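Worksheet for the structure shown next.
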Amino acid sequence: MNGLAGRWATEELEALSSRGLLRHLEPLTSAQGPTVVLSGNETLINFSSNDYLGLANDPALKAAAASALQAFGVGAAASRLITGDSTHHRTLEHAIAQLEGTEAALLFNSGYAANVGLLSTVCGEGDVIFSDALNHASVIDGCRLSRAKTVVFPHRDVAALARLIATHPGRRRLVVTDTIFSMDGDRAPLKEISALCEQTEVALMVDEAHATGVCGPTGAGLCEELGVAADLRMGTLSKALGAFGAYVACTADVRQWLFNRARSVVFSTSLPPAICAAATASISRVRFDSGPRDALWRNIRFFAAGLRQLGLPAHEDSAIFPVVLGPPEKALAASRRLRDAGLLVKPIRPPTVPEGTSRLRFALSAGHTEEHLTRALKALEAVHGR
Ligand SMILES: *Cc1c(COP(=O)(O)O)cnc(C)c1O
């Protein structure tokens with residue numbers, strides 16, 4: 001061994017460090033929750049998790065997982081098409097299809113795997129994908145992997161999208177957009193996009209990662225809330241649903257096409273049955289008990305009002321609140337100061353967000369108390385200055 005990879009690493013790490021972009025891992029020594037303990041026994045109010053409904057450590061989910069774990073063991077041991085399929089996978093897919101009001105649903109091992117697998121299956125050479133400029137990295141990677149021509153449209157700009165659709169013919173054409181954007185927390189103009197797709201015979205795929213469980217009367221997502229239909233609806237089990245994995249809600253034919261052809265399904269061991277059981281329990285909770293969702297939206301309104309009082313812009317579109325600071329060093333410094341005040345708010349820097357838009361990103365949970373939120377607002381006031 002000549003140590004080459006080690007030298008490459010040193011060079012790259014130095015380059016990242018000099019740009020303020022080097023990142024570190026920090027293990028938790030507690031379960032997820034509105035407060036968490038980090039290594040070193042530091043207890044912090046957690047504003048950096050996607051556990052929007054506080055279900056990641058929920059007793060009913062844990063009980064469902066524990067019982068499936070006892071019966072089915074830990075690993076699924078093979079892909080779905082071989083022996084990695086189980087009744088827990090089927091039950092979960094039925095629960096998802098019922099939640100989403102679709103004929104069928106197919107599980108993926110993560111949201112990342114879903115976007116990459118879905119886009120690279122449904123589109124290929126000669127096709128055109130129209131993708132919002134702020135779509136998640138996994139959507140971008142799916143577009144690249146598909147080898148379709150990817151046309152990026154300006155963020156949330158339906159008029160620009162219409163012009164691009166008019167000037168880019170193709171065999172199959174697909175618009176793809178996040179419904180809630182992960183780093184800004186704003187919403188796609190879904191009604192307008194869906195109407196445009198209808199008129200122009202373009203298919204619509206949506207990524208509901210931050211809307212699943214959060215939006216809509218039964219938590220199915222923003223499509224449900226707005227009464228919009230999308231051909232391909234991707235959602236996650238890993239964020240508000242507190243479990244792991246993801247799905248595409250679709251027709252039975254699309255499901256069969258995907259489990260035959262999507263490489264992230266065909267060539268990857270399926271989800272552990274116990275995780276599927278936990279996700280199924282989570283979906284019944286989310287569908288039939290709006291309590292956690294109502295608590296989350298109360299927190300969203302409270303926090304947004306507090307931010308506005310500080311003179312900061314705030315939407316009430318989602319549980320995600322960016323406070324954009326600009327250079328990465330500024331976001332790092334602000335995050336450190338909040339941490340001294342007992343708050344965990346991770347700085348978000350490029351490549352997760354565009355250059356010059358490094359930020360603090362507050363993600364709220366149903367489990368946050370008014371006191372947690374008030375402490376965050378006070379600390380933010382001190383950091384941001386008036
Ligand atoms: C988190 C996220 C994903 C990836 O989901 P995982 O289950 O974490 O892999 C995909 N799309 C968006 C918009 C996300 O925020």
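Scope of the values below: all heavy atoms of this structure, side chains included, with no hydrogens, waters or symmetry mates. Nothing here was measured: the structure is a model prediction, and the numbers come from that model. Start at 1 and go down the list; that is how both ligands and their atoms are numbered.
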CG on Leu344 to CG on Leu28, rounded to 0.5 Å = 8.0 Å
ask   = Would you say Ala246 contacts ligand 1, with heavy atoms under 4.0 Å as the rule?
value = no
request  = Anything under 30° is parallel, anything over 60° is perpendicular, the rest tilted; go ahead and classify Phe47 against Phe303.
outcome  = parallel
Structural part of Asn115 in contact with ligand 1, heavy atom criterion under 4.0 angstrom = side chain
inquiry  = Would Thr236 count as a polar contact of ligand 1, with the cut-off being nitrogen or oxygen pairs under 3.5 Å?
reply    = no
query = At a 4.0 Å threshold, what atoms of ligand 1 neighbour a non-hydrogen atom of Ser182?
reply = 15 (O)
ask   = Between Phe72 and His88, what is the ring plane arrangement, given parallel below 30°, perpendicular above 60°, and tilted in between?
value = perpendicular
task = Could you list the atoms of ligand 1 found under 4.0 angstrom from a heavy atom of Ser138?
result = 10 (C), 11 (N)
message = Taking 4.0 angstrom as the limit and counting only heavy atoms of Ala209, give me the atoms of ligand 1 inside it, by number and element.
response = 2 (C), 11 (N), 12 (C), 13 (C), 14 (C), 15 (O)
request  = Determine whether the side chains of Asn109 and Ser268 contain a donor N or O and an acceptor N or O closer than 3.5 Å.
outcome  = yes
inquiry  = With a 6.0 Å cut-off (strictly less than), is the heavy-atom count around CZ of Arg171, excluding the residue itself, greater than 12?
reply    = yes
key: Protein contact to atom 14 (C) of ligand 1 [nearest heavy atom, distance to 0.1 Å]   = Lys239 NZ, 2.7 Å
Atoms of ligand 1 close to His210 [distance to a heavy atom under 4.0 angstrom, numbered from 1] = 14 (C), 15 (O)
message = Assess whether a salt bridge exists between Arg339 and Glu26, defined as any Lys/Arg side-chain N lying under 4.0 Å from an Asp/Glu carboxylate O.
response = yes
query = So is Gly111 polar-close to ligand 1, meaning N/O to N/O under 3.5 Å?
reply = yes
message = Any carboxylate oxygen within less than 4.0 angstrom of a Lys/Arg side-chain nitrogen, looking at Asp85 and Arg90?
response = yes
query = Against heavy atoms of Tyr112, which atoms of ligand 1 measure under 4.0 Å?
reply = 4 (C), 5 (O), 6 (P), 9 (O)
inquiry  = Between Arg144 and Asp141, does any side-chain N to carboxylate O distance fall below 4.0 Å?
reply    = yes
ask   = Which residue holds the protein heavy atom closest to atom 13 (C) of ligand 1, what is that atom called, and what is the gap in Å?
value = Asp207 OD2, 3.3 Å
request  = Could you list the atoms of ligand 1 found under 4.0 angstrom from a heavy atom of Ser238?
outcome  = 6 (P), 7 (O), 8 (O)
query = Charged N to carboxylate O below 4.0 Å: is that the case for Glu355 and Arg349?
reply = no
message = If you measure every N or O of Asp178 against every N or O of ligand 1, does any of those distances drop under 3.5 Å?
response = no
